[in-house]
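Everything on this sheet refers to the single structure shown next.
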There are 2 protein chains.
Amino acid sequence: MAIPRAARTQRRTRIQEEKEEQILEAALDVFSVSGFRGSTIDQIAAAAGMSKPNLLYYFRTKEAMHRALIDRVLFTWLEPLRAFNAEGNPESEIRSYIRRKLEMARDFPRESRLFANEVLQGAPHIEDELKGPLKSLVDEKAEVIRVWAKAGKIAKCDPYHLIFSIWSTTQHYADFDVQVRAVLGQEHSGAGRFEDAARFLEQLFVGGLMVQPV
Amino acid sequence: MAIPRAARTQRRTRIQEEKEEQILEAALDVFSVSGFRGSTIDQIAAAAGMSKPNLLYYFRTKEAMHRALIDRVLFTWLEPLRAFNAEGNPESEIRSYIRRKLEMARDFPRESRLFANEVLQGAPHIEDELKGPLKSLVDEKAEVIRVWAKAGKIAKCDPYHLIFSIWSTTQHYADFDVQVRAVLGQEHSGAGRFEDAARFLEQLFVGGLMVQPV
DNA sequence: GGATAATTTGACCGATTGGTAAACATTACA
DNA sequence: TGTAATGTTTACCAATCGGTCAAATTATCC
């Protein structure tokens, strides 16, 4: 007789590790495209190459899968911002933050779209994370930027909107990838677009922030 | 005997005008939050205050409703970019483009989210619009920017990525509104955030583009 | 190798999905 | 005011939805 997964307290089996990994990978594929409401368990089961009841043996509900996925991805997603260093040189910190965020957009577009879908639809499942851990982290880093501005190391500016603008410009290349490629056309849709974007964005932010405004 | 709407060629009735308006308004509410797949006809019918079959009398399928909505919204959505004027002063043109886009994010967030949902999910219904009318318009305006840069009126930069960055930063305040408010906290989530954003973005883009880079 | 626990499957459930049929009600117009 | 066209509703459909169950299968451990 099988014991429902959530009731177990024992150590996880090898099979459990593998299958849960498999499922979350498939779930990322599906949720990142269609959002929570638009995704079905059948789709995820098909993508994971297993039957629906089998999938539900590991995650008892669609919500549970989504939550596990969010939890797993959120931490790494905030890594670049966490690496933002108060002691560093402002210009190079901002440059490398942009670069890191762009690399994540390039290498983990599904993760970006997972959050984009979620936030776009009102963040019904991650409201707490936004108001809690995310806000705290941003508050902390905004304070760093504020101090830099006060010390004249960068232009006076609203640190929150600065962070928003770095988020939006970089994640744009993951979330709106289809549009970016449609507009650039086939000839400029290769991998090079990320380097072009990096060059432009560093120019924009360094130029826009490293001089005192009039 | 009722004639299915799509088969009619006659002039539209007063009732048709009103009801179709009502339906598209409700559809915008629903589609902009849940995307195409995640929205149901029942939700839209409820939001429009009419029965499902009644709604289906005016739009025969969910797809037809979505398409009508996209068609209606796309034109006005591109208005700010269309207003971008080659003869104008570069600085003030960029400033007013940012301002207009921000005003649209503030006043028409549902329209922004409708497109965001669609593009995020791979743009299955508007691929042609992206590769056709949208690309053409962007190509045209990118050429204007390129000429400005060549003439030394603004810094040398990739015009496409400049446009992308204006899109992303401004639309961010509509598409990711929940996140923006969560991070800013209650005290800074009032209407003033759009003015703060405008101030920051104008500073960023003018500072980043009006001086020649090193 | 056998007992036991973990895993997988097919058959199924009630609810919801997009959409239809036809009867009924209302409106526009002569 | 009569009537034909337009508009609305109730009842319904097959397909799909999230999820359950019990039986069958496989892995683990002594």
Side-chain angles (χ1 to χ4, degrees), chain A residues 1-27 29-31 33-69 121 124-125, chain B residues 1-27 29-31 33-69 121 124-125:
Chain A
M1 191 189 315
I3 300 165
R5 159 115 230 293
R8 263 185 267 129
T9 51
Q10 309 295 71
R11 210 165 57 74
R12 288 162 73 215
T13 315
R14 170 185 56 87
I15 297 186
Q16 275 169 41
E17 305 249 16
E18 288 175 10
K19 289 293 162 94
E20 285 175 14
E21 173 63 34
Q22 234 181 85
I23 291 169
L24 290 181
E25 170 70 19
D29 263 348
V30 176
F31 281 135
V33 169
S34 305
F36 183 78
R37 282 227 54 202
S39 304
T40 71
I41 300 184
D42 294 85
Q43 284 178 320
I44 298 170
M50 63 180 79
S51 68
K52 181 166 63 169
N54 194 9
L55 186 152
L56 285 165
Y57 171 73
Y58 293 99
F59 296 93
R60 294 198 313 179
T61 63
K62 194 168 98 167
E63 294 245 359
M65 287 183 34
H66 192 256
R67 168 129 300 273
L69 194 54
Q121 308 192 356
H125 305 94
Chain B
M1 191 191 312
I3 300 166
R5 158 118 233 291
R8 263 185 268 129
T9 51
Q10 308 295 71
R11 211 164 58 74
R12 289 161 72 216
T13 316
R14 171 185 56 87
I15 296 185
Q16 277 170 40
E17 305 249 15
E18 288 174 10
K19 290 293 163 93
E20 286 176 13
E21 173 62 35
Q22 235 181 86
I23 291 169
L24 290 181
E25 171 70 19
D29 264 347
V30 176
F31 281 134
V33 169
S34 305
F36 183 77
R37 281 226 54 198
S39 303
T40 71
I41 300 185
D42 295 85
Q43 284 178 321
I44 299 169
M50 62 181 81
S51 69
K52 180 166 63 168
N54 194 9
L55 185 152
L56 286 165
Y57 172 73
Y58 293 100
F59 296 93
R60 295 198 312 180
T61 64
K62 195 169 99 166
E63 294 246 0
M65 285 182 36
H66 191 255
R67 168 130 296 274
L69 194 54
Q121 307 192 356
H125 306 93

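First the proteins, then the strands, lettered A, B, ... as listed; each starts at 1.
A:Glu25 is linked by a salt bridge (charged side-chain N to carboxylate O under 4.0 Å, His left out) to A:Arg110, counting only residues two or more places apart in sequence or in another chain. Every residue two or more places apart in sequence or in another chain that forms a side chain to side chain donor-acceptor pair (under 3.5 Å) with B:Glu21 is listed here: B:Arg72.
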| message | Using side chain to side chain contact (heavy atoms under 4.5 Å, CB included), reason through A:Lys19 and A:Tyr57 one step at a time and then give a plain yes or no. | response | CA-CA 10 Å; A:Lys19 289 293 162 94; A:Tyr57 171 73; over 6 Å; no
| Could you go step by step and tell me if B:Met50 and B:Ile23 meet the side chain to side chain contact (heavy atoms under 4.5 Å, CB included) rule? | CA-CA 9 Å; B:Met50 62 181 81; B:Ile23 291 169; 3.7 Å; yes
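In this structure, the CE atom of B:Met50 is 17 Å from the C1' atom of D:dT10, given to the nearest Å. Whole-Å rounding puts the B:Met65 CE to C:dG19 C1' distance at 13 Å. Atom-to-atom, CD of A:Glu20 to P of C:dT8 comes out at 11 Å; the value is rounded to the nearest Å. Residue A:Glu18 contributes atom CD, which lies 14 Å from atom C1' of D:dT26 at whole-angstrom precision.
Side-chain nitrogen and oxygen atoms of A:Ser51 include none within less than 4.0 Å of the OP1 or OP2 phosphate oxygen of C:dT8. Listed pair A:Asn54 / C:dT7 fails the phosphate criterion, with no side-chain N or O lying under 4.0 Å from OP1 or OP2. The side chain of A:Gln16 places an N or O atom within less than 4.0 Å of a non-bridging phosphate oxygen (OP1 or OP2) of C:dT7. Regarding contacts with the backbone of D:dT20, every side-chain N or O of A:Tyr57 stays at 4.0 angstrom or more from both OP1 and OP2.
Although no hydrogens or angles enter the test, the distance criterion places a donor-acceptor pair under 3.5 Å between the side chain of A:Arg67 and the main chain of A:His125.
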Taking only distance into account, with no hydrogens and no angle test, what donor-acceptor pairs under 3.5 Å do side-chain atoms of residues 33-48 of chain A form with protein atoms, sequence neighbours excluded?
from	atom 1	to	atom 2	distance (Å)
A:Arg37	NH1	B:Gly38	O	2.9
A:Ser39	OG	A:Val30	O	3.4
A:Ser39	OG	A:Gly35	O	2.5
A:Thr40	OG1	A:Gln43	N	3.0
A:Gln43	OE1	A:Thr40	N	3.0

| note | Readout for nucleotides 12-19 of chain D: B = base within 4.0 Å of protein heavy atom, S = sugar-phosphate only, - = neither; 5' to 3' it is -----SBB
